[in-house]
Amino acid sequence: MEETFLTKQQIAERYQLSVKSVNTMCSAKGERSLPPFIKIGPHANSPIRFRLTEVLAWEEEQALLQRQRDAEIEQQTNLEDLLGL
């Protein structure tokens with residue numbers, strides 16, 4: 001089965017970002033603001049590609065993390081309401 005790859009341009013469009021922002025995010029060490037990517041070549045300007053399967057998995061992970069954060073905020077709000085804070 002052939003794997004589908006996305007370019008930085010396609011990622012920028014998918015997340016409504018500029019390509020410049022995607023470039024900056026790709027350069028940030030340890031940053032998880034984007035899905036995992038691979039660099040094709042050893043040079044600083046070698047192309048970067050994103051595996052679609054990894055993009056979809058990352059998006060699902062981000063959705064789960066957001067639901068967890070929302071639940072924590074709701075619990076905190078409910079506790080504060082209960083305590084009259």
Side-chain angles (χ1 to χ4, degrees):
M1 180 169 113
E2 190 172 316
E3 196 156 7
T4 301
F5 290 89
L6 302 178
T7 64
K8 289 189 280 186
Q9 175 68 41
Q10 290 169 312
I11 288 293
E13 291 169 5
R14 186 177 188 95
Y15 300 127
Q16 300 175 356
L17 299 168
S18 68
V19 174
K20 184 177 179 178
S21 292
V22 172
N23 285 332
T24 300
M25 292 170 162
C26 287
S27 298
K29 300 284 187 230
E31 189 67 36
R32 292 288 297 163
S33 299
L34 290 174
F37 57 86
I38 59 171
K39 193 171 185 181
I40 304 172
H43 305 290
N45 62 348
S46 294
I48 287 176
R49 297 292 182 266
F50 299 80
R51 285 186 174 95
L52 180 57
T53 54
E54 291 182 355
V55 169
L56 296 173
W58 182 83
E59 289 173 351
E60 190 60 38
E61 178 185 325
Q62 296 306 304
L64 176 62
L65 290 171
Q66 185 61 51
R67 287 191 296 272
Q68 290 172 342
R69 285 190 292 266
D70 291 346
E72 290 170 5
I73 290 170
E74 186 174 341
Q75 286 177 343
Q76 182 66 31
T77 301
N78 290 343
L79 181 60
E80 289 172 358
D81 289 346
L82 184 65
L83 297 174
L85 299 176

Fill in: Pairing residues for T24 by the side-chain hydrogen bond (donor to acceptor under 3.5 Å, both in side chains) criterion, not counting sequence neighbours
none

When the side chains of residues 68-75 are checked against the rest of the protein, which donor-acceptor pairs come out under 3.5 Å, sequence neighbours left out?
{"from": "R69", "atom 1": "NH2", "to": "Q66", "atom 2": "OE1", "distance (Å)": "3.1"}
{"from": "D70", "atom 1": "OD1", "to": "Q66", "atom 2": "NE2", "distance (Å)": "2.8"}

Response to the item:
Value for CG (L34) from CD1 (I48), rounded to nearest 0.5 Å, stands at 9.5 Å

Discussion item. If the condition is ring pair (Phe, Tyr, Trp, His ring centres under 6.0 Å), which residues does F37 pass it with, not counting sequence neighbours?
Written reply: F50

Worksheet entry | salt bridge (Lys or Arg N to Asp or Glu O under 4.0 Å) pairs, two or more places apart, involving residues 42-58 | E3-R51, R51-E54

Worksheet item: Under the salt bridge (Lys or Arg N to Asp or Glu O under 4.0 Å) rule, what pairs show up with a residue in residues 10-20, not counting sequence neighbours?
Response: R14-E59

Discussion item. Between I11 and L52, is there shared hydrophobic-cluster membership here, with clusters defined by ILVMFWY side-chain heavy atoms closer than 4.5 Å?
Written reply: yes

Item to complete: Consider only side-chain heavy atoms of I, L, V, M, F, W and Y, link residues closer than 4.5 Å, and tell whether L56 and V22 are in one cluster.
Response: yes

Practice prompt. Among residues two or more places apart or on two chains, list those pairs meeting ring-ring contact (aromatic ring centres under 6.0 Å, His included) that have a residue in residues 1-22.
Written response: Y15-W58

Practice prompt. Mind checking side-chain hydrogen bond (donor to acceptor under 3.5 Å, both in side chains) for Q76 and listing every partner two or more places apart, or none if nothing turns up?
Written response: E80

Item to complete: Could you pull out all residues at least two apart from S46 that satisfy side-chain hydrogen bond (donor to acceptor under 3.5 Å, both in side chains)?
Response: none

Practice prompt. List for me each residue that meets side chain to side chain contact (heavy atoms under 4.5 Å, CB included) alongside E61, sequence neighbours excluded, and say none if there are none.
Written response: R32, L65

Practice prompt. Apply side-chain hydrogen bond (donor to acceptor under 3.5 Å, both in side chains) to T4 and list each qualifying residue two or more places apart in sequence or on a separate chain.
Written response: none

